[in-house]
Structure formats: C-alpha cells, structure tokens
Amino acid sequence: MLDLGAGTGKLTGTLVALGAEVTAVEPDLRMLTELCRSMPDVRALPGSAEAIPLPDACVDAVLAGNAMHWFDMAVAGPEIARVLAPGGILAGLWNLMDDQVEWVAELARIGGSAAVGPRDTPSTWRAETADMHLPKSDAAVRFGSPEQAEFRHGQRRTADSLVATIKTRAGVLVMSEREQEATLDRMRAFLTGRPETSRGEFTLQMLTGVLRVRRL
C-alpha cells in the first residue's frame, strides 16, 4: 500500500499494524522527519501526489488520509494510476465530526465553515467528495465509479485538545490572527460551558468517511 500525503504517519501506523506492506510519501520534510523518527522500519520518501517517487504498477492500493482534497487530479490522477497495479484501489479518507450529536452540531455552527467545513461532517461530506477523484479539467478520467461509506468511532478529547486540532485546519490557518483568535475563543467557551464537554475528558463522536474508486 501507498500512504500518499502521509503526514506524520497516523494512517501509516494503522496500516502497518494491520500487516500491510506500506510505503509512505509526504511532501513536507518536517512531517516526513517525524514519521521516520517514530516508524524507522517504514519505507518513507519525499514526494507528492503529482510526483510519486515509485515505479509503475508497484502497489495494490493508494490511501490518502485527510489529504486527497489537496491533490491536483489532472496531474495526480495519472500518477496514482501509474503506480497502481491493474484494478488497484484509490481511497480517500476523511475524519468527520458527528453533527447528529446536538452539541457537535452547535459547535460547528459556532465555529463556522472555516473551522468545521463541508468535508468535516456526515451531513455534507458525501456531496463534497463524490467527484474528488476526477480532474477539474478535460483530462482523461483514470478511475471508475465511486463508492462511499462511513465507519463510526470516537476519540477521547478535552476542550483544549479539540480546539488545538481545529486550529490546524486549513480554513483556520488562513484566517487573520484576530479572526482566528476570536473563532477559537468562541469554540473553547462553548466547550467549557457545555455539561457534555466541561468536565475534563469526553468522547467526540466521529465517523471516517471513505471514498473508494478502482483504477481503470
């Protein structure tokens, strides 16, 4: 398997634990360094979805954890198809906050779409990602019809750790310093004022949304 846009290796570690033979590719050298430090036995290479440093037809599956929306599929699509074996699978995974839970829906409303965007909740992620495998141009389509599924789980959190994670999201990172501070302060105040989240650790109900397509 290829973990593409592997970051610091959270998905990589899960795949290794399942017994997969994994190569990790990541463009950010600081993240790649951390991955190599924490998983020295994993083959980890600098590269991107648009320039994958692997030979043709060498992997059975390419996975992208919270990364596929960054890919330029007009370029990345042919590259991913090139390294996949015939009939191989491309899968994009996104972690979703379960907005069927009342306080989660309210937190999303308070934070706004920059903090909790359409790819971040189960009510909207399917429409947002259904064509993520397609090039945004007239380039040839390299993959078949998409399948989508959701897998429920939970994470133990505190108000501070959840706000710290939200701070790393792309929509928050591009805010002005004043806007970012105001948004995160509103979310922290909400979490510390809710009975479900104000007493230290709590479980954030989540789903992992998966888009899966097969190489043509």
*Is a side-chain donor or acceptor of R109 paired with a backbone partner of A105 at a separation under 3.5 angstrom?*
no
Within the 4.5 Å heavy-atom criterion, are [X] and [Y] side-chain neighbours or not?
X    : Y    : value
T183 : I110 : no
N95  : H153 : yes
T203 : Q155 : no
I80  : L2   : no
T197 : T192 : no
M97  : L107 : yes
I166 : L184 : yes
P27  : M31  : no

*Non-neighbouring partners of D185 that pass salt bridge (Lys or Arg N to Asp or Glu O under 4.0 Å), sequence neighbours left out*: R188
*Looking at residues at least two apart in the chain, or sitting in another chain, which of them share a salt bridge (Lys or Arg N to Asp or Glu O under 4.0 Å) with R156?*
E201
*asked:* Per the side chain to side chain donor-acceptor pair (under 3.5 Å) rule, what does the pair list look like for residues 70-94, sequence neighbours excluded?
replied: D56-R82, H69-W94, E79-R82
*Provide the full list of side chain to side chain donor-acceptor pair (under 3.5 Å) pairs with a residue in residues 3-25, sequence neighbours left out, each pair given once.*
D3-T12
Side-chain donor-acceptor pairs of residues 167-177 under 3.5 Å, sequence neighbours excluded:
from : atom 1 : to   : atom 2 : distance (Å)
T168 : OG1    : T165 : O      : 2.6
R169 : NH1    : A115 : O      : 2.8
S176 : OG     : E179 : N      : 3.2

_Residue pairs, two or more places apart or on separate chains, that pass ring-ring contact (aromatic ring centres under 6.0 Å, His included) and touch residues 178-208_ = W103-F202
*Tell me, which pairs form a ring-ring contact (aromatic ring centres under 6.0 Å, His included) where one or both residues lie in residues 1-54, sequence neighbours left out?*
none
*Test side-chain contact (heavy atoms from CB on, under 4.5 Å) applied to L63 and L15, V22, V210, the passing residue*: L15
*Criterion side-chain contact (heavy atoms from CB on, under 4.5 Å) against V59, the qualifying member of I89, I52, V83*: V83
Which residues pass the side-chain hydrogen bond (donor to acceptor under 3.5 Å, both in side chains) test with [X], sequence neighbours left out?
X    : result
R214 : none
E196 : R194
T124 : T121
N66  : none

*Where do V62 and M1 land on the side chain to side chain contact (heavy atoms under 4.5 Å, CB included) test, with the steps shown first?*
CA-CA 6 Å; V62 175; M1 290 185 175; over 6 Å; no
Residues 127-145, side-chain donor-acceptor partners within the protein, below 3.5 Å, at least two apart:
from : atom 1 : to   : atom 2 : distance (Å)
T129 : OG1    : W125 : O      : 2.9
T129 : OG1    : Q148 : NE2    : 3.1
S137 : OG     : A139 : N      : 3.2

*asked:* The test is salt bridge (Lys or Arg N to Asp or Glu O under 4.0 Å); show your working for E34 and R37 and say whether it passes.
replied: CA-CA 5 Å; E34 175 59 24; R37 185 199 64 78; 2.6 Å; yes
